[in-house]
Asks: 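This is the structure, below, for whatever I ask next.
Predicted model, so just to flag it, every value in this text is computed and none were measured.
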Amino acid sequence: MKIVRTFLTLGLASVMLQSPIASLDVMASDDVASNPLLQPSSLPYGAPDFSKIKPTDYLPAIEAAIKMQREAINQIVANKKKPTFENTILAYEQSGVVLDRVTNIFYGLVSADKTPEIAETQKKVTPMLTELGNEITFNKALFQRIKTVYDKQYKKLKGEDKKLLEETYKDFVRSGALLSDEKMNRMKEINLRIAELQQQWGDLLPSATNNSVVWVNSKEELAGLSEADIAQCKKDAESRGSKTPYCIVIINTTQQPILASLDNRQLRKRVYEASIHRSDGTRSFNTFPIVVEIARLRAEKAQLMGHPNYASFSLDNTMAKTPDNVYAFLRQLIGEYTPKADAETKAIEEFARKTEGADFTLQPYDRFYYSAKMKNATFNISDDEVKPYFNVDSVLINGVFYAANRAYGLSFKERSDIPTYHPDMKVYEVIDKDGSTLALFYHDYFRRPTKRGGAWMSSFAKQSRERQQIPLIYNVCNNAKAPEGQPSLLTWDEVTTLFHEFGHALHGILSNCHYNALSGTAVARDFVELPSQFNESFATIPEVFDHFARHYQTGAPMPADLKERMLKSINFHSAYALGENLAATCADLAWHMLSVDEIPTADKAADFETKSLQQIGLLNPQIPPRYGTSYFNHVWGGGYAAGYYSYLWTEVLAVNVAEVFAKRGALKPETGMDFRNKVLSRGNTGDLMQMFSDFTGMKSPDASGLLRARGM
């Protein structure tokens, strides 16, 4: 999973997401003035009114909000009074309310329901927003006021005021505010070009993935799939024009879960090949030219900022601090993981040879299939046996929500009166134990062609006491929606994804910060995954598991024997999951350790990935990267450049937190409230390592439990 920053700026993310309080006088027409995106919502808690918002409303609303942003900045700069926290930093924090509101809604649809109209608008607004970001970042008069306040008032301020000043100043510096005029101009060009390229990526990759569906002529070819899965393949084919009676949709990761069930080896190969070649140029799509240009521009950006490479520049603002620290962490894991992975591969191949013959050679498209059969032989269990107990509605209400109630005292009330952007969406009011409303929570769980792959959390509005705004949080997934009249059943991986994404949601829902810029998930990348990865641990707590794992027809709990076998099987062959993550992480870092002159050409990009994995000891055809370079959206389309390591880094933190919960009582309200008060509610208002230490009592994270927690 990942969090989506609703507007992917290029070095000034937290700055640009502070939108403007300004007069509507700047708006030129009645049409603009009546635009529902520019008016405070009349719905409860300021929820966006999707029943009134039309696709044609976004462009004029963003244009008007940009004008308001400019006016607000000009007012700050024109102020003749000496710079103070109130007239400069606080005014700047307040300068973006309208643009924030509009872009949060718009970019939510860009990711989750990107219709042709939305895509066309995105092409127009991306350069506008990037230019505005450049104007703000390189506004010398504005920065001089901010610097004056920082130099003269920083030591005098306390609490969130001090932290807001610190983060504002550092954001400007990291974005290039201290550069010479010549370097500033080049940085502006880089920012604009990267924004254009990321928009191209955002258009090309979903198209490539949708185009890579594997068409299947007969039901017989789908042997091994359940009737429900076959029905899903039929439904997917119908929704894509029925080129053949059935099709298999490619998801965002390299390996495709459906390979665990397909008996037809040739079809397995077709599915795997479609996945790994979706966007590398062997078909009609090629993202490598975008990849290498983004990599080169990032390297140049780092060079302008005085760093040898982009990884050095990016990591300077994280818990890890340096590439050396990250590599030391990764090499320790690689050393411990490699022999376990080799043994796992050997065991699967030997198992397959029992039925396929002594000369059978395991291929990557075979691994999930024979691993699943071996798992079934070992534990007498399969996904088809357990999926009837994982109805998506029960997992959410009786699992995810139930755990949040037991740990944090939250309750959830469905709000059918609040409009959504798609009929599949639902909205819940989140109520605290004292009866007060904390947030609105939206979920959008089912895949469709207009939604990009993966799962994520973001917000239509972040929590802020200063703005008098409760959080409006959403989770998005890509689960298959069952045909009408049938239940939507999940695999165990999809169950844990729901818990994971809701952990991010809780980070936003339970935020209790004064300033929008510091609230919720506005933390370093290698801390932001802590709440989500920790929240996965609730799924296996017996009381929680028994509450949601109920048969979709009878409501009966999962039988004790099946439950025992399933839970024992969770970490079966877990080396694969760790290995694909390590490979993706190291590929990401390798690209961002390059200087400008070292970036390969597009036709050599695949070779570079291969060479980089070979050098670090992770070139393993049996365990390819979770995301290949040509479809690594976290890195080229999102905010995880040189940062994909954070999933493993924060998993260590999450394991440490889970151990504390287990020791104190995982579902005891006192334990949950302590974590809520010391971590979840605090956003970026303090030192992140100190927050971790305040709750765990540990001076530093302990990585020794990571492989143990993965069953290795």
Asks: Run Gln199 and Thr126 through side-chain hydrogen bond (donor to acceptor under 3.5 Å, both in side chains) and show every step you take.
Replies: CA-CA 8 Å; Gln199 180 178 302; Thr126 295; 2.5 Å; yes
Asks: Identify whether the distance between the nearest side-chain nitrogen and carboxylate oxygen of Asp432 and Arg676 falls below 4.0 Å.
Replies: yes
Asks: Search all heavy atoms of Gln533 against all heavy atoms of Glu651 and return the closest pair with its distance.
Replies: NE2-N, 3.1 Å
Asks: Is there a side-chain contact between His514 and Ser464 in this structure, where contact means two heavy atoms from C-beta onward sitting under 4.5 Å apart?
Replies: no
Asks: Would you say the side-chain atoms of Asp444 pair up with the backbone N or O of Met425, donor to acceptor, closer than 3.5 Å?
Replies: no
Asks: Run the salt bridge (Lys or Arg N to Asp or Glu O under 4.0 Å) check on Glu293 and Arg193 step by step: do they pass?
Replies: CA-CA 9 Å; Glu293 189 174 354; Arg193 181 57 181 158; 2.7 Å; yes
Asks: Taking C-beta and beyond as the side chain, do Thr121 and Phe106 meet within less than 4.5 Å on heavy atoms?
Replies: yes
Asks: Measure across Ala47 and Tyr442 and return the closest heavy-atom pair with its distance rounded to 0.1 Å.
Replies: CB-OH, 3.4 Å
Asks: How long is the span from the NE2 atom in His500 to the OG atom in Ser532, to the nearest 0.5 Å?
Replies: 3.0 Å
Asks: Could you walk me through whether Leu178 and Phe172 pass side-chain contact (heavy atoms from CB on, under 4.5 Å), step by step?
Replies: CA-CA 8 Å; Leu178 293 175; Phe172 271 82; over 6 Å; no
Asks: Ile470 vs Leu438, test: side-chain contact (heavy atoms from CB on, under 4.5 Å). Steps then yes/no.
Replies: CA-CA 6 Å; Ile470 69 167; Leu438 278 174; over 6 Å; no
Asks: Just wondering, are more than 12 heavy atoms of other shown residues or ligands nearer than 6.0 Å to CD in Gln690?
Replies: yes
Asks: Please confirm whether the backbone N or O of Gln463 pairs with a side-chain atom of Ser519, one donor and one acceptor, at under 3.5 Å?
Replies: yes
Asks: Can we say Glu131 and Lys188 salt-bridge, meaning some charged N sits less than 4.0 Å from an Asp/Glu carboxylate O?
Replies: no
Asks: On the 0 to 90° scale, with breaks at 30° and 60°, tag the Tyr474-Phe460 ring pair as parallel, tilted or perpendicular.
Replies: tilted
Asks: Could you verify whether a donor N or O on one side chain and an acceptor N or O on the other, from Arg525 and Ser314, lie under 3.5 Å apart?
Replies: yes
Asks: Checking side-chain polar atoms at under 3.5 Å, does Gln94 have a donor or acceptor matched by the opposite partner on Glu466?
Replies: yes
Asks: Any chance the side chains of Tyr58 and Glu117 put a donor and an acceptor closer than 3.5 Å?
Replies: no
Asks: Under 6.0 Å between ring centres: does that hold for Phe502 and Phe441?
Replies: yes
Asks: Does Asp674 use its side chain to pair, donor to acceptor, with the backbone of Glu670 at less than 3.5 Å?
Replies: no
Asks: Can you confirm whether Arg682 sits close enough to Thr685 that some side-chain heavy atom of one is under 4.5 Å from a side-chain heavy atom of the other?
Replies: yes
Asks: Let me see the working for Thr322 and Asn325 under side-chain hydrogen bond (donor to acceptor under 3.5 Å, both in side chains), right down to the final yes or no.
Replies: CA-CA 5 Å; Thr322 68; Asn325 289 340; 3.2 Å; yes
Asks: Give the intermediate values and the outcome of side-chain contact (heavy atoms from CB on, under 4.5 Å) for residues Lys321 and Leu315.
Replies: CA-CA 5 Å; Lys321 298 299 183 187; Leu315 290 167; over 6 Å; no
Asks: Under a 3.5 Å threshold, yes or no: a donor from one side chain and an acceptor from the other, between Asp434 and Ser436?
Replies: yes
Asks: Okay, side chain of Asp588, backbone of Gly643: is any donor-acceptor separation there less than 3.5 Å?
Replies: yes
Asks: Grab the two heavy atoms, one from Ala517 and one from Ala522, that are nearest each other, plus how far apart they are.
Replies: O-CB, 3.5 Å
Asks: Of the non-hydrogen atoms in Leu518 and Cys513, which two are nearest, and what is the gap between them?
Replies: O-SG, 4.0 Å
Asks: Taking ring-ring contact (aromatic ring centres under 6.0 Å, His included) as the test, write out the residues that go with Tyr169, two or more places apart.
Replies: Phe143, Tyr150
Asks: Examine Arg174 relative to Phe313 and say whether NZ or CZ is less than 6.0 Å from the centre of the six-membered ring and inside a 45° cone about the ring axis.
Replies: yes
Asks: Please report the shortest heavy-atom distance between Met319 and Phe527, naming the atom on each side.
Replies: SD-CD1, 3.7 Å
Asks: Checking side chain to side chain contact (heavy atoms under 4.5 Å, CB included) between Gln69 and each of Leu129, Val98, Asn74, Ile136, which is the one that passes?
Replies: Ile136
Asks: Are there more than 12 heavy atoms of other residues, nucleotides or ligands under 6.0 Å from atom NZ of Lys114?
Replies: yes
Asks: Testing Tyr645, Tyr640, Trp636 for ring pair (Phe, Tyr, Trp, His ring centres under 6.0 Å) with His592, which one passes?
Replies: Trp636
Asks: Mark yes or no for whether Asn87, through its side chain, and Lys82, through its backbone, hold a donor-acceptor pair below 3.5 Å.
Replies: yes
Asks: Decide whether Asn633 and Trp201 meet the rule of one side-chain donor and one side-chain acceptor closer than 3.5 Å.
Replies: yes
Asks: Do the side chains of Lys301 and Glu189 get close enough for a salt bridge, i.e. N-O under 4.0 angstrom?
Replies: no
Asks: Are the side chains of Lys147 and Asp151 in contact, using a 4.5 Å heavy-atom criterion?
Replies: yes
Asks: Do Lys413 and Tyr428 form a cation-pi contact, if we require the NZ or CZ to be under 6.0 Å from the six-membered ring centre and within 45 degrees of the ring's axis?
Replies: no
Asks: If you compare all heavy atoms of Met305 against all heavy atoms of Val173, which two are closest, and at what distance to 0.1 Å?
Replies: CE-O, 3.1 Å
Asks: Please check if the side chain of Arg101 supplies one atom and the backbone of Ala461 the other of a donor-acceptor pair under 3.5 Å.
Replies: no
Asks: Without swapping roles, check the side chain of Thr696 against the backbone of Met698 for a donor-acceptor pair under 3.5 Å.
Replies: yes
Asks: Please determine if Arg186 and Glu300 form a salt bridge, counting it only when a charged side-chain N lies under 4.0 Å from a carboxylate O.
Replies: yes
Asks: Indicate whether any N or O donor in one side chain lies under 3.5 Å from an N or O acceptor in the other, for Glu529 and Thr650.
Replies: no
Asks: For Pro419, which of Ile53, Val427, Asp49 qualifies under side chain to side chain contact (heavy atoms under 4.5 Å, CB included)?
Replies: Asp49
Asks: Okay, side chain of Thr88, backbone of Phe85: is any donor-acceptor separation there less than 3.5 Å?
Replies: no
Asks: Would you say the side chain of Pro308 lies within less than 4.5 Å of the side chain of Gln303, judging by non-hydrogen atoms?
Replies: no
Asks: Can you confirm whether Pro36 sits close enough to Asp57 that some side-chain heavy atom of one is under 4.5 Å from a side-chain heavy atom of the other?
Replies: yes
Asks: Is there a donor-acceptor pair closer than 3.5 Å between any side-chain N or O of Ser511 and the backbone N or O of Gly520?
Replies: yes
Asks: Is the shortest heavy-atom distance from the side chain of Leu192 to the side chain of Pro127 under 4.5 Å?
Replies: yes
Asks: Can you find a heavy atom in the side chain of Ile431 that is under 4.5 Å from one in the side chain of Phe412?
Replies: no
Asks: Using a cut-off of 6.0 Å, state whether more than 12 heavy atoms not belonging to Lys52 lie near its atom NZ.
Replies: no
Asks: So does Lys170 pair up with Glu167, basic N to acidic O under 4.0 Å?
Replies: no
Asks: Please tell me whether Asn134 and Asn191 have a donor and an acceptor in their side chains that are separated by less than 3.5 angstrom.
Replies: yes
Asks: Working note: Leu132 + Leu99, criterion side-chain contact (heavy atoms from CB on, under 4.5 Å); need CA distance, chi angles, decisive distance, verdict.
Replies: CA-CA 11 Å; Leu132 178 64; Leu99 187 58; 3.7 Å; yes
Asks: When you measure from the side chain of Lys462 to the backbone of Asn516, do you find a donor-acceptor pair of N or O atoms at a distance under 3.5 Å?
Replies: yes
